[in-house]
Amino acid sequence: MKEDKEKVEERYTQWKSLVPVLYDWLANHNLVWPSLSCRWGPQLEQATYKNRHRLYLSEQTDGSVPNTLVIANCEVVKPRVAAAEHISQFNEESRSPFVKKFKTILHPGEVNRIREFPQKSQIVATHTDSPEVFIWDVEAQPNRNAVLGAATSRPDLVLTGHKDNAEFALAMCPSEPFVLSGGKDKCVVLWSVHDHISTLAVEEAPTIKQSSKSGGNNAKATESPTIGPRGIYQGHTDTVEDVQFCPSSAQEFCSVGDDSRLILWDARVGSAPVVKVDKAHKGDLHCVDWSPHDSNFILTGSADNTVHMFDRRNLKSSGVGSPVYKFEGHDAAVLCVQWSPDKSSVFGSAAEDGILNIWDYEKVGKTTDSSGSKSPNAPSGLFFRHAGHRDKVVDFHWSACDPWTIVSVSDDCESSGGGGTLQIWRMMDLIYRPEEEVLTELDKFRSHIFGCNS
């Protein structure tokens, strides 16, 4: 254990020395309590040098104060604005001036997963250690003080249908106000919140304010309006760990679970699986993402430390998963995978080894070092490693507004005895831009550099 800790510190120190070279921007923010989920909310304003966004986080406490859903404001510095010295001068022990808490919602139970509605990003869904999904209008919810004994905030809507706890698997449909969830009951559950979503902000606000003073945990379920599922889908033989909608169809979705299965569903053809891939990985599957750029490609991350990329036109052979590519660059279970919104072949993966890897499947088999020969140590397709976290990276999210900008969170309880780390970062654009473009730009400086040397 001591050796592991020393290894992590050594890796972190090395990473820190390279920050001014590798990053265009980095903000480091220490969290008093770990957050198991992080999501970008709407962009609030654009200024000359930076943009302001909402950020959704949570606080997973030890019970001495309530668990919370946190709405923060954060400033993202625009590309090529921050100076290298400024980026490298962050302090690991302190809060970032770029992240400020805006509102606190007292959540009934810890927040395991947060997802925002793409159509209306001030409406978010949360999972906790219960069978229900909670829907919140974060702008209309009152700000609350997290003091022991305070009544929990009241969700604007409660989605029922699971028969057992549903802790992690949660997704929002890109085109319709549909919610998808999976849980310990081995089921995938689909809801439509069409009728409620348009009225949330208008009608619910006054009643929330009155009820925030009353009742504790037990009052919330009876006070909040509830809706039942549109469909329940059975095909897994163990806990469903993650779910995802097909970006091009509100009726198609996929799920992964502890049974090592990847299952594709289509609500139009009933509640049985359309395709079932039995051995998608050698271990439990923790996460899945469906490409927004090409609906044939699906990513899965597993306890076997790998990420697999599947093509839905050819998912398996003899019942066993046959991925197009296997990405092997983590030393521990992969917890989160997500396609980049900025380049169709790029995606990120975060794992329990404290690393967030950025991959490009177009680079598979083409990894070269500076001398032009193939680099023997680099995993195929890997082109950037974010090593700024010192414990397991539990979640990350690409920004849809600020290109190549990522928010990531780690649960630091094992390494530091408590708390978490939030980082907002963007790699240097010379790393991801086309090679010819970069060389042309650098060529402009050649005469200047040689002039300085003479």
Set out, in order, the CA-CA distance, both residues' side-chain angles and the distance that settles ring-ring contact (aromatic ring centres under 6.0 Å, His included) for Trp425 and Phe90, then state yes or no.
CA-CA 12 Å; Trp425 54 276; Phe90 72 89; over 10 Å; no
Does the plane of the ring in Trp265 sit parallel, tilted or perpendicular to the ring in Phe253? Use 30° and 60° as the thresholds.
parallel
Check this for me, if you would: do [X] and [Y] make a salt bridge, where the nitrogen-to-carboxylate-oxygen distance has to be below 4.0 angstrom?
{"X": "Arg80", "Y": "Asp429", "answer": "yes"}
{"X": "Glu139", "Y": "Lys103", "answer": "no"}
{"X": "Lys100", "Y": "Glu75", "answer": "no"}
{"X": "Asp391", "Y": "Lys5", "answer": "no"}

As a test of understanding, state which of Val364, Asn357, Thr306 forms a side chain to side chain contact (heavy atoms under 4.5 Å, CB included) with Phe327.
Val364
Tell me whether Lys316 at atom NZ has more than 12 heavy atoms from other residues, nucleotides or ligands lying less than 6.0 Å away.
yes
Report, as yes or no, whether the 6.0 Å neighbourhood of atom NZ on Lys186 holds more than 12 heavy atoms from other residues, nucleotides or ligands.
no
Restricting to non-hydrogen atoms, name the atom on [X] and the atom on [Y] that form the minimum distance, rounded to 0.1 Å.
{"X": "His162", "Y": "Cys187", "result": "CE1-O, 3.6 Å"}
{"X": "Trp359", "Y": "Ser380", "result": "CZ3-O, 3.6 Å"}
{"X": "Val76", "Y": "Ile424", "result": "CG2-CG2, 4.4 Å"}
{"X": "Val288", "Y": "Cys254", "result": "CG2-SG, 3.7 Å"}
{"X": "Ala267", "Y": "Leu190", "result": "CB-CD2, 4.4 Å"}
{"X": "Pro379", "Y": "Glu328", "result": "CB-O, 3.1 Å"}

Verdict with reasoning, Ser249 to Gln251, per side-chain hydrogen bond (donor to acceptor under 3.5 Å, both in side chains)
CA-CA 5 Å; Ser249 164; Gln251 305 299 328; over 6 Å; no
Would the distance check show the side chain of [X] and the main-chain N or O of [Y] forming a donor-acceptor pair, the cut-off being under 3.5 Å?
{"X": "Asp353", "Y": "His330", "answer": "no"}
{"X": "Glu352", "Y": "Val334", "answer": "no"}
{"X": "Ser349", "Y": "Val337", "answer": "no"}
{"X": "Asn28", "Y": "Gln423", "answer": "no"}
{"X": "Asn30", "Y": "Thr421", "answer": "no"}
{"X": "Thr239", "Y": "Glu241", "answer": "no"}
{"X": "Ser35", "Y": "Ser58", "answer": "yes"}
{"X": "Asp289", "Y": "Trp339", "answer": "yes"}
{"X": "Thr440", "Y": "Glu436", "answer": "yes"}
{"X": "His29", "Y": "Ser96", "answer": "yes"}

Arg390 and Asp412: CA distance, side-chain angles, deciding distance, side-chain contact (heavy atoms from CB on, under 4.5 Å) verdict:
CA-CA 7 Å; Arg390 285 178 282 184; Asp412 301 342; 5.7 Å; no
Determine, stepwise, if the pair Phe117 / Cys173 fulfils side-chain contact (heavy atoms from CB on, under 4.5 Å).
CA-CA 8 Å; Phe117 276 93; Cys173 175; over 6 Å; no
Is it the case that the side chains of Asp156 and Gln141 hold a donor-acceptor pair, with the cut-off being a distance below 3.5 Å and no angle test?
yes
Are His281 and Asp304 close enough that a side-chain donor and a side-chain acceptor fall under 3.5 Å?
yes
Looking at residues at least two apart in the chain, or sitting in another chain, which of them share a ring pair (Phe, Tyr, Trp, His ring centres under 6.0 Å) with [X]?
{"X": "Tyr12", "result": "Trp15"}
{"X": "Trp290", "result": "none"}
{"X": "His127", "result": "none"}

What side-chain donor-acceptor pairs closer than 3.5 Å can you find for residues 39-46, not counting sequence neighbours?
unit_1	atom_1	unit_2	atom_2	d
Arg39	NE	Glu116	OE1	2.9
Arg39	NH2	Glu116	OE2	3.3
Arg39	NH2	His397	NE2	3.4
Trp40	NE1	His397	O	2.9
Glu45	OE2	Arg52	NE	2.9
Glu45	OE2	Arg52	NH2	3.0

When you compare the side chain of Val21 with that of Val19, does any pair of heavy atoms fall below 4.5 Å?
no
Which donor-acceptor pairs under 3.5 Å do the side chains of residues 270-279 make with protein atoms, sequence neighbours left out?
unit_1	atom_1	unit_2	atom_2	d
Asp278	OD1	Arg261	NE	2.6
Asp278	OD1	Arg261	NH2	3.4

Determine, stepwise, if the pair His386 / Phe396 fulfils ring-ring contact (aromatic ring centres under 6.0 Å, His included).
CA-CA 11 Å; His386 177 66; Phe396 74 96; 10.0 Å; no
From the list Asp129, Thr126, Thr128, side-chain hydrogen bond (donor to acceptor under 3.5 Å, both in side chains) partner of Asn112 resolves to Asp129
Without placing hydrogens or testing angles, list every side-chain donor-acceptor pair under 3.5 Å for residues 399-407, not counting sequence neighbours.
unit_1	atom_1	unit_2	atom_2	d
Ser399	OG	Cys401	N	3.1
Ser399	OG	Asp402	N	2.9
Asp402	OD1	Asn51	ND2	2.8
Asp402	OD2	His53	NE2	2.4
Thr405	OG1	Asp402	O	3.2
Thr405	OG1	Pro403	O	3.1
Thr405	OG1	Arg426	NH1	3.0

side-chain contact (heavy atoms from CB on, under 4.5 Å) assessment of Leu422 paired with Leu55:
CA-CA 11 Å; Leu422 164 79; Leu55 201 57; 4.2 Å; yes
In sequence, state the C-alpha distance, the side-chain angles, and the governing distance for Phe383 and Tyr432, and then conclude on ring-ring contact (aromatic ring centres under 6.0 Å, His included).
CA-CA 8 Å; Phe383 78 98; Tyr432 60 77; 7.9 Å; no
Evaluate Phe384 against Tyr23 for ring-ring contact (aromatic ring centres under 6.0 Å, His included), listing each step before the verdict.
CA-CA 11 Å; Phe384 191 85; Tyr23 294 83; 5.5 Å; yes
Can the positive tip of Arg312 be found less than 6.0 Å from the middle of the six-membered ring of Phe297, inside 45° of the ring normal?
no
